[in-house]
Undergrad: 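Got a structure for you, written out below as structure tokens; questions coming shortly.
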Number of protein chains: 2
Amino acid sequence: MAPDPSATGTRMTSQALGSDPVPGSPRTGSVMRDVARLAGVSHQTVSRVLNGHPNVREATRQRVLEAVEALGYRRNLAARALVTRRTGTLGIVGFETTLFGPASVLYALEDAARRAGYFVSVTTIRDLDRRSILDALERLRTQSVEAVIALAHKPAITAALAQLPDAFPRVAVGGSGGEDTVSSVRVDNVTGAGLATRYLLDLGHPTVHHVAGPADWPEARQREEGWRATLEDAGAMVPPVRPHDTARRAWGAGIGYEEGRLLAADPSVTAVFCANDSLALGVLRALHEAGRRVPDEVSVIGFDDAPESGYLIPPLTTVRQDFAALGQQGIALLLDQFDHSDRADQARTPRQVVLPPVLIPRASTAPPGQQPHA
Amino acid sequence: MAPDPSATGTRMTSQALGSDPVPGSPRTGSVMRDVARLAGVSHQTVSRVLNGHPNVREATRQRVLEAVEALGYRRNLAARALVTRRTGTLGIVGFETTLFGPASVLYALEDAARRAGYFVSVTTIRDLDRRSILDALERLRTQSVEAVIALAHKPAITAALAQLPDAFPRVAVGGSGGEDTVSSVRVDNVTGAGLATRYLLDLGHPTVHHVAGPADWPEARQREEGWRATLEDAGAMVPPVRPHDTARRAWGAGIGYEEGRLLAADPSVTAVFCANDSLALGVLRALHEAGRRVPDEVSVIGFDDAPESGYLIPPLTTVRQDFAALGQQGIALLLDQFDHSDRADQARTPRQVVLPPVLIPRASTAPPGQQPHA
DNA sequence: TCGTTCGATGTGAACGTTAACATTCCCGTG
DNA sequence: CACGGGAATGTTAACGTTCACATCGAACGA
């Protein structure tokens, strides 16, 4: 089968619509005129009924509805979109959606969009080169989505969003937030990291080590920043942080394990703040292997509150992000842009929503030099 | 002659298109005629170029493409869909997509669909009542998707799929597979469970206990079945299994923890096969708390091979499912239906693809009565 | 040299819906 | 009793493509 007949770059790639490959005829069923005939009215009246227009006599409305039911009639969205210039579809740009966080956000986004009466078209970014990000956006625009929501964990994604035409509604969810060019929803990573760090300091630890996420994720940077600032505020020594390049598994337990081995070898380490729960899980394992007890000798704290984190050995103290709220607020921000899109005045001004993280204390943290208790 | 499943209300829920709420005018940009004028040809020639028709002079083609580029022209999918009766969109019905497995499948589906030139519209099922499943399907059909792929972990979902009109292409991914009414892709859970169980028996364990998944998930049932059959084959005693109702977290570490505590209290238990890795994680924790060493005293094995499983304490032996392949095969099966949809002969015959799971031996399993070694 | 054929292009008519405007009918009012 | 007006409905024309067919050349074989 011919994948792509057409010529130029990515632009007009023949979609599945390309004439050759797939035959398939959806066998339309009935159209508005059929309903109209059956109900003994004009197609326009049918349209009015279906769109909830006020000026239709109740008896007529009923007759039309019955005809609709009898024929199993379904409106043709394409025809509707053609004339109304509205598709009722939101585009979602996904990224790393097999990770727990992004997957949860995606889920919440879809839910909120549906509740708001929108369809959702999803496309996922695999590689982060400029081209594939723009491709994703292009794909969505080809579909005439009315707005785009991106899981904007990487700056490049937010940047691409910023380049959409002025009037195009968009929201960045998660990730950076530094950009004031795009409306965005994110969790306050700096505060979250501060929460974790302060908690450990308050327990009596002289300082807190940090296992960082990939350096090219703003979220990772912000957590590091929050950690560092808190230490400095407290006048504590700031231990060095080993940077990770964006290697695929840079948020993963494997990296946590490697880092954990190094930390385990350093007897001065009594507290570790990890940029997420997976990293913490790896650290936990490394400490365990090295015979360093948690939390008796070393306290460990994570970020995210993944579903399993409460059942690790020991249950992981962590900072919870409300992923569901992230998605809901994202859609809310979008609807807000729709509402104001007529009065262009302050509609263009991007809004930033920042969600507060919450510390979830569990058994992986304790004052330093503690005796075992379980 | 298409039996329509619909029946109930919900039918014509006013989508976001409903006249009132959102104004927003996407400011169309240029249309085909504009391109035609600029290139000095007819709109039909533009259409031909864009669709890769053969009979266009090279010079003309170039001129058209330049005009397209110059105007930033983009085809209107709605207009195209209206006349071709093809939307180039696949509908995906998601379920529990925040779990690692489903999220991975979703990801793979989207990827494969995109490669095949299709757009993807996603809708997620929250509650499993008949109504909301049908609603999901209805939503998708309103969008004129050309096919539906469902994450069919529950029988009710597969059943709903089976009720689509005869000619409607569909695929069930994951889950049951028992139904011969719908083409489906799934992992061979029975074999996978057998692999795990046999592995433990071969290590010398007299029998293997089982922590089951929710009873209303066919996957859970099949794993239990594979486990049971293998024990019976080997003439081993079959320990009782505690059933879990479909409580939300029935696949989760919490349940594993509860079960693990019971198992830990029984000194005769030397090997446990868990229906997934999360359950195993909970079991691991319970055993640890009870002071029963893994794998020295008790061996534990999971299912899925989640990314973290190699970093648990100890690293978890598990059965890997190839989620990516699940998605790819799902799309492949769909495309296959498209190809044959003209010759209705054997096209209707549902095809079943069953993927083999692989045992991943790690450190959570060992012969019974082993001495500690690390 | 002249039809015949095929390649390159143009013309007109769908596709199924909604928007705009026209029409009908009935009511209340002067 | 005619008239203005609004409620209920119908009629026509878009929307932007693609398809089917018509047209116009030029190349080709006899």
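In this text, all values refer to a predicted model and were calculated from it rather than measured experimentally. Reminder, nothing fancy here: chain letters follow the sequence lines and each chain counts from 1.
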Undergrad: Indicate whether the side chain of B/Ser183 and that of B/Arg351 have a donor and an acceptor atom separated by less than 3.5 Å.
TA: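 The answer is no; no qualifying pair exists.
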Undergrad: Rounded to the nearest angstrom, tell me the gap between atom CG in A/Asp34 and atom C1' in C/dG16.
TA: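 Atom CG in A/Asp34 sits about 11 Å away from atom C1' in C/dG16.
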Undergrad: Could you point out which residue of A/Asp135, A/Asp129, A/Asp127 forms a salt bridge (Lys or Arg N to Asp or Glu O under 4.0 Å) with A/Arg131?
TA: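 Result for salt bridge (Lys or Arg N to Asp or Glu O under 4.0 Å) with A/Arg131: A/Asp135.
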Undergrad: Rounded off to whole Å, could you give me the CD-to-C1' distance for the A/Gln44 and C/dA19 pair?
TA: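 About 8 Å, once rounded to whole Å.
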Undergrad: Given that B/Arg48 and B/Ala78 both sit by DNA chain D, which one's nearest nucleotide is further toward the 5' end?
TA: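 Residue closer to the 5' terminus by nearest nucleotide: B/Ala78.
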Undergrad: Out of C/dG10, C/dG16, D/dT17, which has the shortest distance to the side chain of B/Ser42?
TA: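 The answer is C/dG10.
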Undergrad: Give the rounded distance in Å between these two atoms: CG of B/Asn51 and C1' of D/dT17.
TA: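 Value for this atom pair: 9 Å.
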Undergrad: Is there a side-chain contact between B/Thr45 and the phosphate of C/dA8, meaning an N or O under 4.0 Å from OP1 or OP2?
TA: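 Indeed not, no polar side-chain atom of B/Thr45 lies that close.
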Undergrad: Whole-Å distance between D/dT17 P and B/Arg74 CZ?
TA: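 It is 12 Å, rounded to the nearest whole Å.
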Undergrad: Please state whether the phosphate of C/dT18, meaning OP1 or OP2, lies under 4.0 angstrom from any side-chain nitrogen or oxygen of A/Arg80.
TA: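 Checking A/Arg80 against C/dT18: at least one side-chain N or O falls below 4.0 Å of OP1 or OP2.
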Undergrad: When the distance from CZ of B/Arg33 to C1' of D/dC15 is rounded to whole Å, what number comes out?
TA: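 Whole-Å distance recorded here is 11 Å.
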Undergrad: Among the nucleotides D/dT17, C/dT18, C/dT9, which one has an atom lying closest to any side-chain atom of B/Val56?
TA: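 The answer is C/dT9.
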Undergrad: Given atom CG of A/Asn76 and atom P of D/dC15, what is their separation to the nearest angstrom?
TA: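 Going from CG in A/Asn76 over to P in D/dC15 covers 18 Å.
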Undergrad: Can you say whether a donor on the side chain of A/Arg85 sits under 3.5 Å from an acceptor on the base of D/dG16, or the other way round?
TA: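 No, no donor-acceptor pair under 3.5 Å.
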Undergrad: Roughly, in whole Å, what's the span from CZ in A/Arg63 to P in D/dA8?
TA: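 It is 14 Å, rounded to the nearest whole Å.
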Undergrad: In sequence, state the C-alpha distance, the side-chain angles, and the governing distance for B/Gln62 and B/Glu66, and then conclude on side-chain hydrogen bond (donor to acceptor under 3.5 Å, both in side chains).
TA: CA-CA 6 Å; B/Gln62 283 309 327; B/Glu66 279 164 25; over 6 Å; no
Undergrad: Between B/Gly40 and B/Val83, which residue's closest nucleotide on DNA chain C lies nearer the 5′ terminus?
TA: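 Its nearest nucleotide lies further toward 5', so the answer is B/Gly40.
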Undergrad: Using a 3.5 Å distance criterion without hydrogens, assess whether the side chain of A/Thr60 forms a donor-acceptor pair with backbone atoms of A/Val56.
TA: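 Answer holds: no.
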Undergrad: Side-chain N or O of A/Thr60 versus OP1/OP2 of D/dT9: is the shortest distance under 4.0 Å?
TA: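 Indeed, a polar side-chain atom of A/Thr60 lies that close.
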Undergrad: Are any of A/Asn55's side-chain N or O atoms less than 4.0 Å away from OP1 or OP2 of D/dT9?
TA: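 False: A/Asn55 side-chain N/O out of range (4.0 Å or more) of D/dT9 OP1/OP2.
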Undergrad: Verify the contact: side-chain N or O of A/Ser47 to OP1 or OP2 of C/dT17, cut-off strictly under 4.0 Å; return yes or no.
TA: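 A/Ser47 to C/dT17 OP1/OP2: no side-chain N or O under 4.0 Å.
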Undergrad: Atom CG of A/Leu82 and atom C1' of C/dA14: how far apart are they, to the nearest Å?
TA: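 One finds 13 Å between C1' of C/dA14 and CG of A/Leu82, rounded.
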Undergrad: Is the phosphate of C/dT9, meaning OP1 or OP2, less than 4.0 Å from a side-chain N or O of B/Arg57?
TA: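 Affirmative; the distance criterion is met.
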Undergrad: What I want to check is whether the side chains of A/Arg85 and B/Asn76 have a donor and an acceptor closer together than 3.5 Å.
TA: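 There is no such pair between these side chains.
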